[in-house]
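Report on the following structure.
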Amino acid sequence: MKQILFVCLGNICRSPIAEGVAKKLVKEHRLDCIIDSAGTSAWHKGEPPCDNSIKVAEKNGIDISKQTSRPVTSEDCRKFDYVIAMDAQNQKDLESKGFQNVYLLGEFGGYSGRDVPDPYYFQGFEGFEKVYRMIETSLKDFINKVKNESI
């Protein structure tokens with residue numbers, strides 16, 4: 001059983017979306033995986049995903065409303081087979097905490113290693129839709145690679 005952790009800064013927008021999309025894809029592919037998400041900070045510990053993340057996921061048939069933010073832990077370093085960072089800064093922060101199995105989500109789906117941008121820097125809901133599409137495209141490629149054990 002593979003264990004996959006998605007990480008962004010606060011664990012209220014990008015990584016909860018990634019967790020929800022990954023759970024849907026894993027179910028569709030009938031894979032035996034544990035999927036979770038966390039943040040490199042504890043700023044939003046215990047909070048649900050932000051409203052726009054919940055809305056964009058719901059619009060795509062995924063319920064992430066019951067997730068709660070949590071910071072990464074030292075146990076996560078040992079527990080997860082794949083740790084997927086949303087951007088290069090998250091990746092650096094994780095690696096500085098001793099994580100060695102860190103991938104950038106933008107390495108998958110033809111994004112040439114680009115960061116998944118924080119949707120708060122976009123105007124309105126459209127930014128969340130763009131981020132959702134990038135996460136979904138990247139995860140389809142990543143989950144196929146996990147399924148085929150080619151990662």
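Each residue takes its place number in the sequence, starting with 1.
For the pair F128/C50, a side-chain contact is recorded, criterion being any heavy-atom separation below 4.5 Å from C-beta on. In this structure the side chain of D118 reaches within 4.5 angstrom of the side chain of C13, judged on heavy atoms. Side-chain contact check for Y132 versus N60: some heavy-atom pair is nearer than 4.5 Å. Taking 4.5 Å as the limit, every side-chain heavy atom of V83 sits out of range of all side-chain heavy atoms of D76.
Atom-to-atom distance recorded for I84:CD1 and C8:SG is 13.5 Å, nearest 0.5 angstrom.
Scored by the ring-ring contact (aromatic ring centres under 6.0 Å, His included) test, F142 finds Y82, F108 as partners (sequence neighbours excluded).
Looking at S150 and N148, their side chains never bring a donor and an acceptor atom within 3.5 Å of each other. Side chains of Q89 and D93: a donor-acceptor N/O pair is present below 3.5 angstrom, by distance only.
The shortest heavy-atom contact between S69 and H44 is CB-O, 3.1 Å. Between S37 and Q67, the closest heavy-atom pair is OG-OE1, 3.8 Å.
Remark: the backbone N or O of M86 is not paired with any side-chain donor or acceptor of D115 at under 3.5 angstrom. Side-chain atoms of N144 come within 3.5 Å of backbone N or O of K140 as a donor-acceptor pair.
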